[in-house]
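First comes the structure, then the notes that go with it.
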Amino acid sequence: QVQLVESGGGLVQAGGSLRLSCAASARTFTSTGMGWLRQAPGKEREFVASISTSGSRTFYADSVKGRFTISRDNTKNTLYLQMTSLKPEDTAVYYCAAEPTTLYTYNYWGQGTQVTVSS
């Protein structure tokens, strides 16, 4: 079974920064495209960012462009999301995902890590 484990979430004030990490159990899945998605209470799951197998190509939701950076270290089987200039509306559970079937959908998901941004 594929395992993706997120970490790095927490409580931060508006304008602050956090870096999320996602450790994969098998390199075969970090050798595919990966992404981050989030879900806030009462809202639909929302795409945040994606990255190609090599890390050479990235794609971001308009809501996070210029503030978030997705990256990967394939030698460590780890995916990252660097979040800066955080806003209260960024509050959500953040999930990493592997093996895209479309730009926004994936075959495998982590359990999520909570990010809370206070005003």
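Quick caveat: nothing in here was measured; it's all calculated off a predicted structure.
Other residues, nucleotides and ligands contribute only 12 or fewer heavy atoms inside 6.0 Å of the CZ atom of R45.
Considering every non-hydrogen atom in both T53 and N74, the closest pair reads O-ND2, 2.9 Å. The minimum heavy-atom distance between A14 and P88, with the atom names listed, is CB-CD, 4.1 Å. Summarising the geometry of G8 relative to L18, their closest heavy-atom pair is O-CD2, 3.8 Å, with the distance given to 0.1 Å. The two residues G112 and E6 have their closest heavy-atom pair at N-OE1, 2.8 Å. Smallest separation of non-hydrogen atoms from V64 and V48: CG2-O, 3.6 Å. Of all the heavy atoms in F47 and Y60, the pair that sits closest is CE2-C, 4.2 Å.
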Note to self: What verdict does the salt bridge (charged side-chain N to carboxylate O under 4.0 Å, His left out) test give for K65 and D62, after you've listed the backbone C-alpha separation in whole Å, the side-chain angles of each residue and the deciding distance to 0.1 Å?
What the structure shows: CA-CA 5 Å; K65 285 181 180 177; D62 288 342; 3.0 Å; yes
Next item on the list: Under the side-chain contact (heavy atoms from CB on, under 4.5 Å) rule, what do D90 and F68 come out as? Steps first, then yes or no, please.
Entry: CA-CA 11 Å; D90 294 319; F68 290 10; 3.9 Å; yes
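Taking the side chain as every heavy atom from C-beta outward, Q82 and S71 never approach each other to under 4.5 Å. At a threshold of 4.5 Å between non-hydrogen side-chain atoms, the residues Q111 and L4 do not count as touching. Using a 4.5 Å cut-off on side-chain heavy atoms (C-beta onward), V117 and M83 make no contact. Proximity of S63 to R38: side-chain heavy atoms (C-beta onward) are separated by under 4.5 Å at one or more points. Proximity of V93 to T113: side-chain heavy atoms (C-beta onward) are nowhere separated by under 4.5 Å. At a threshold of 4.5 Å between non-hydrogen side-chain atoms, the residues W36 and L20 count as touching. No side-chain heavy atom of E99 sits less than 4.5 Å from a side-chain heavy atom of Y106. Using a 4.5 Å heavy-atom threshold, the side chains of L37 and Y94 count as separate.
S25 places a side-chain N or O within donor-acceptor distance of the main-chain N or O of Q3, the cut-off being under 3.5 Å. Distance alone, capped at 3.5 Å, places no donor-acceptor pair between the T78 side chain and the A23 backbone. Between the side chain of E46 and the backbone N or O of Q39 there is no donor-acceptor pair closer than 3.5 Å. Between the side chain of T116 and the main chain of T91, no donor-acceptor pair closer than 3.5 Å is present.
Under the 4.5 Å side-chain heavy-atom criterion for grouping Ile, Leu, Val, Met, Phe, Trp and Tyr, L86 is connected to L81 within one hydrophobic cluster. Under the 4.5 Å side-chain contact rule for hydrophobic residues, V2 and M34 share a cluster.
Atom OG of S118 and atom CD of Q13 lie 5.0 Å apart (nearest 0.5 Å). Expressed to the nearest 0.5 Å, how far OH of Y108 lies from OG1 of T32 amounts to 9.5 Å.
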